[in-house]
There are 2 protein chains.
Amino acid sequence: MSDQVRQQALAARAASRVLAATSAEVRNQALEAIAAALEANRERILAANAEDLKAGEQDGLASPLLKRLDLSGSKFASTVEMVRSVTAQPDPLDQTQKATELQAQLYLYRVTVPIGVIGVVFESRPDALVQIAALCLKSGNAVLLKGGREATMTNQTLAEVMCQATSDILPEGWMVLLEGREEVRALLDQEGLVDLIIPRGGNEFVQYIMNHTKIPVMGHADGVCHVYVDASADIDKAVPIAVDSKIGYVAACNAAETLLVHAAIAEQFMARAVEQLTAKGVLIRGDARTVALAESIGAVTPATQIDWSTEYLDYILSIKIVDSADEAIAHINEYGSNHTDTIVAEDPAAVRAFLRGVDSASVMHNASTRFADGFRYGLGAEVGISTNRLHSRGPVGLEGLVIYKYILKGDGHIVDSYDGYDGAAPLPFTHRPLDQHWQA
Amino acid sequence: MSDQVRQQALAARAASRVLAATSAEVRNQALEAIAAALEANRERILAANAEDLKAGEQDGLASPLLKRLDLSGSKFASTVEMVRSVTAQPDPLDQTQKATELQAQLYLYRVTVPIGVIGVVFESRPDALVQIAALCLKSGNAVLLKGGREATMTNQTLAEVMCQATSDILPEGWMVLLEGREEVRALLDQEGLVDLIIPRGGNEFVQYIMNHTKIPVMGHADGVCHVYVDASADIDKAVPIAVDSKIGYVAACNAAETLLVHAAIAEQFMARAVEQLTAKGVLIRGDARTVALAESIGAVTPATQIDWSTEYLDYILSIKIVDSADEAIAHINEYGSNHTDTIVAEDPAAVRAFLRGVDSASVMHNASTRFADGFRYGLGAEVGISTNRLHSRGPVGLEGLVIYKYILKGDGHIVDSYDGYDGAAPLPFTHRPLDQHWQA
C-alpha cells in the first residue's frame, strides 16, 4: 500500500512539473472540460451518490452528515458552477511580484509558481473534492485526494469523470484519488514528494493529521472565536453581532464560542443579549459575575475553566465579564485559537488596542465573526482557513496555493568583478525597482 | 533544562505580543541603542572574542573556522554597520498588502504583522547573532538564539550588551541566548510557543534540526547548484560563468557543484573551461563522455552516481555531457537541491524551457549562480536562503520574517442579512479593490 502511494506521489511530482509549465489557457481549457464532463455525467454521479446515501442511512449516519453528503438538487449545479467560477479567476501563476535591476543588463524577477504537489484529506462532503481539485489545477499543482469513507462511491465516480475529461489535456497523475486509511498514513509519509497537506474536517481529524506528518500542514484544528463588547459599544450593534456570530451557523469554525463583556456595560447589554440568545435556544455558561448578573435575567449555568478553550460547535456560549479591553485581549490570546475575534466598540483607543493586540488571523471591529470566509472576503473559492503563522493566514484562496521563484536574467554577468562582499570595496549594484513584468 | 527553556519561550511569546504593537520609531530606536552599545563595549566584546579564539586554537580549530570566529579588525565595524543598515530599511510591519470593500462601510485590509517567536540556531560566526537579532527586532519578532560552542564567550557578551542596551525600550525576554546542546533540543520541542526555526550552518547540522522538530524550519540543507551550457551558448560568457560559479567562493551554498554541457558544444567549451578550472586547482569528475573528451585536454577522473547529488563545498566539480536542454532540466530536477541553477544560452526556446522547467528557488540565464544572495538581490541583510516551498523561497530578507493578519472594519455588520451562502440568493458583496491603507 505504502509502495503504491509512493508511486502515485512520484507520478504526481512528475505531473506537477509538466503542469507548472502549462499556460493559463490550457489550465482553463481543462477546467471547462471538467465542468462539461460533470454535467454530461450527472446521472451517473448522482446514482453513485444515491448508493452512498443509502449506505449512510443503513449505517445510521446523523442527518447533518447525510445532508452534507447529498449532491442532488441545487448542490450539483452549484458544484459545477463553482468549477466555472474558478476558471473565471485571474491566473495566479506567472505574476511578477517584484522586479529589480541589479546591474546594467542584469534583471531580477520574483514570479509566482505552483507549490508542487498538494495532499488533501477531507471528510464527508464530496463537493470538496471537486472544489479543491479545481483550485489545485488552476494554480498548477498536482493533487492527491483522500475523501471520507461515507462518500466512497461518489468520490470514485467524480474522480473518474474528472480524470477522463482531462486525459488529453493534462499529464496523467495530476489528480489521484486515494482510498483507505492506510493510504492516508502512507500519504503523510511522502515528505519530499508531497509539499503541503490540507486537511478539511473536524478538530480531532485535523489534529491527527498535524500530529502524524512532517509535511507542512495548512489549516486549523480549533476555531475558538470571541466577541468582545467594550464599555464604549453601541448596544444596537453589539446585540445583533453577538447573536449573528453565535447562531448564524453554529457548526462553522468562525462561529463565536465566547462572549467577553466589559463590566461597565454588562447589565445593559446582557439584558437584551441573553434574552435573544436563550430565545434562540442557546445555553449560556457564565463566569461568577455573569451568573450573579443573570439571576434577574435568565438561566445561566456556571462555566468551568475548560469552557474558555472549548469550541462547542453547538448552541452553547460561554460569557465572561472583564474590566478592560486589555483584559479581553489577554484572555483571547491565552484561550483563543488565533482564528477570528471581533470587538464591538466606539472608542478608537480600545479598537486600536484590540486590532493590534489580538494575535489572530482575522481581527474585526463592529462586524460579525461569520464574515471570516474566503467567499465573503472576495477570494473566490476557498481552500480552507489557516491558523498557521507562515505562508497563509486566515481564509486561503488561490494565492495560498502558489509560491514564487526568483528569475535572474543576465548577459554573461559574474560576481567576481563586483565583489568586495566580505571586504570594504563599494559594490556597483543599482538595486533599482523596475516597473516591468517577466516575459517567458 | 527543558523547563527553563519553556519559561524562556513563554517569556518570548509574551514579549512578542508587546513587540508586535511597537511603532517603527521604537524598534529603530532600540536598533540604534544596540549599535551604540556595541561600539561603546568594543573592548569588552573583543576581549571575550580573544578568549574564544585562544580556546579555539588550543582545541585545534581549523583555520577557516578561526577566521569566521574572529570579530576583530574591520569585522567589528561592519557588524555595527550592518545593524545600522537594518535600521535604515523600510518598516516591514503595518504594510497594507490588499484592501477591499466588501459592502458599504465594511472594509477588509490585509496587513503585515510579525510571525511571533523565532528560534535561531547557528554555527560559529558570532556576527550572525547580531545580524539575526537585528532582523528579528526590526520585524517585531522575539528571538531565541543558540550559537556555536566555539563562540560561547563572544556570544554571551554580545547578548548581554544588546539586552542591556534595549532594557528600557523593549519588553524583557525579546531576545534570549540559550546555551548548551540540551537547550537546543528543548528549543526544538517548543511547538506552539516558537513559530519558526532558522538554522544557519552546514548540511548535517541543518539536517539534524529539520529531523528533530515539528516547528516549521526555514533554510536549506544542500546547495547542489548547476551550470548548464547549452548548444547555443556564447563561449565567451559560458567559460567565465562556469569558473565564477565554481570558484568564486567554494564553501558557499550558491557555488556550482555540477556542470552540464550540451554535446554539440562540449569539445569547444571544455577545451577552454577545463584548462581554466584545473589551472585554478579544481579537480574534475566527469561522466564517460567527458572523460573520453578530456583525454586530449587534461586530467578528468570518472564520476560515480553519488557525485551528481554531492555538495562538495570544495575545489571539485562534476561534469556531464547531455544531448538536450530537456535532459539538463530533468537532471537538475532529479539530482539538484532546488537552490540555484543557471543556463548559458542564446537560444530563447532553450532559455524559456530552462527558466520554466527547472524547479529551483533561483533560476538564472547568462549569470553566475553566485548572485543568489540576499545582499546581491537587494534585500538588505539576509536571514538565510530557503529551499522550502512555502512562505519564503531563495534568499530571505525582512519580508520572510513577517506574515499578515486580516483586519475587518465594519459598522455593526452581520452576515445573516447577506446570506444565501448555501442557497441561491444573490449576495450583495461589492468586493471592490480599495486604494487605501489601514490606519491604526
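To find a chain, count down the sequence lines: A is the first, B the second, and so on, and within it residues start at 1. Below, all heavy atoms of this structure are taken into account, side chains as well, without hydrogens, waters or symmetry copies.
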Asks: At a heavy-atom separation under 4.5 Å, does A:L196 approach chain B through its side chain, its backbone, both, or neither?
Replies: side chain
Asks: Less than 4.0 angstrom from a charged side-chain N to a carboxylate O is my criterion; do B:E399 and A:K98 meet it?
Replies: yes
Asks: How many angstroms lie between OG1 in B:T340 and CG in A:L408, if you round to the nearest 0.5 Å?
Replies: 9.5 Å
Asks: If I measure from the heavy atoms of chain B, does A:L379 come under 4.5 Å with its side chain, its backbone, both, or neither?
Replies: side chain
Asks: Does any backbone or side-chain atom of A:V113 lie under 4.5 Å from a heavy atom of chain B? Answer side chain, backbone, both or neither.
Replies: side chain
Asks: Name the region of A:S16, side chain, backbone, both or neither, that has any atom closer than 4.5 Å to a heavy atom of chain B.
Replies: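 Neither the backbone nor the side chain of A:S16 comes within 4.5 Å of chain B.
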Asks: Relative to chain B, which segment of A:N211 carries a heavy atom at a distance below 4.5 Å: side chain, backbone, both, or neither?
Replies: both
Asks: Do the side chains of A:N333 and B:R13 get nearer than 4.5 Å, heavy atoms only?
Replies: no
Asks: Can you tell me how far apart CG (B:L390) and CG (A:N388) are? Round to the nearest 0.5 Å.
Replies: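 Output value for this atom pair is 9.0 Å.
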Asks: Mind checking whether A:H431 and B:F375 have parallel, tilted or perpendicular rings, split at 30° and 60°?
Replies: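 Perpendicular: the ring planes of A:H431 and B:F375 meet at over 60°.
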Asks: Can you tell me which of B:R352, B:M210, B:K75, B:E346 forms the most heavy-atom pairs within a distance under 4.5 Å of chain A?
Replies: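 Winner by heavy-atom pair count: B:R352.
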Asks: Does any non-hydrogen side-chain atom of A:I414 lie less than 4.5 Å from one of B:R370?
Replies: no
Asks: Just to verify, what does A:H365 make a ring-ring contact (aromatic ring centres under 6.0 Å, His included) with, not counting sequence neighbours?
Replies: none
Asks: Which atoms of A:V358 are under 4.5 Å from chain B, going by heavy atoms: the side chain, the backbone, both sets, or neither?
Replies: backbone
Asks: What's the spacing between A:H413 NE2 and B:T342 OG1 if we round to 0.5 Å?
Replies: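 Here the rounded value is 12.0 Å.
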Asks: Heavy-atom pairs under 4.5 Å with chain B are the metric here; pick the option from A:V363, A:V402, A:T369, A:I329 that has the most.
Replies: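 Ranked by contacts with chain B, first place is A:V363.
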Asks: To the nearest 0.5 Å, how far apart are CZ in B:R376 and OG1 in A:T100?
Replies: 16.0 Å
Asks: Return the set of residues passing side chain to side chain donor-acceptor pair (under 3.5 Å) with B:Y109 (not counting sequence neighbours), or none when no residue passes.
Replies: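 B:Y109 satisfies side chain to side chain donor-acceptor pair (under 3.5 Å) with B:Q436 once adjacent residues are dropped.
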Asks: Rounded to the nearest 0.5 Å, how far apart are NE2 of B:H391 and OH of A:Y404?
Replies: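 Here the interatomic distance stands at 7.5 Å.
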Asks: Select one option (side chain, backbone, both, neither) describing which atoms of B:S360 are under 4.5 Å from chain A's heavy atoms.
Replies: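 Backbone of B:S360 only, per the 4.5 Å heavy-atom cut-off to chain A.
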Asks: Between A:G400, A:S392, A:G394, A:S78, who has the most heavy-atom pairs with chain B when the cutoff is under 4.5 Å?
Replies: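 Of the candidates given, the most pairs with chain B belong to A:S392.
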Asks: Identify which part of A:I407 has an atom lying under 4.5 Å from any heavy atom of chain B, answering side chain, backbone, both or neither.
Replies: both
Asks: So, do B:L355 and A:W438 sit near enough that their side-chain heavy atoms are less than 4.5 Å apart?
Replies: yes
Asks: Select one option (side chain, backbone, both, neither) describing which atoms of A:R17 are under 4.5 Å from chain B's heavy atoms.
Replies: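 For A:R17, the side chain is the part near chain B, not the backbone.
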Asks: Using modelled atom types only, decide if a donor and an acceptor are shared between the side chain of B:D244 and the backbone of A:V415 within a distance under 3.5 Å.
Replies: yes
Asks: Given heavy-atom pairs under 4.5 angstrom as the criterion, report whether the side chain, backbone, both or neither of B:L108 touches chain A.
Replies: side chain
Asks: Checking heavy atoms, do the side chain of A:K409, its backbone, both or neither come under 4.5 Å from chain B?
Replies: both
Asks: Heavy-atom distance under 4.5 Å to chain B: side chain of A:P114, backbone, both or neither?
Replies: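 Answer is backbone: N, CA, C or O of A:P114 sit under 4.5 Å from chain B.
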Asks: Where on A:M218 is there a heavy atom nearer than 4.5 Å to chain B: the side chain, the backbone, both, or neither?
Replies: neither
Asks: So for B:L102, is it side chain, backbone, both, or neither that comes closer than 4.5 Å to the heavy atoms of chain A?
Replies: side chain
Asks: Between A:V351 and chain B, which part of the residue has a heavy atom less than 4.5 Å away: side chain, backbone, both or neither?
Replies: side chain
Asks: Top residue by heavy-atom pair count (under 4.5 Å) with chain B, among A:V18, A:D94, A:T430?
Replies: A:D94
Asks: Which of the residues A:R389, A:M364, A:K237 is involved in the greatest number of heavy-atom pairs with chain B at under 4.5 angstrom?
Replies: A:R389
Asks: Quick one: pull up CZ in A:F371 and CZ in B:F429 and give me the separation to the nearest 0.5 Å.
Replies: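 The CZ atom of A:F371 sits 5.5 Å away from the CZ atom of B:F429.
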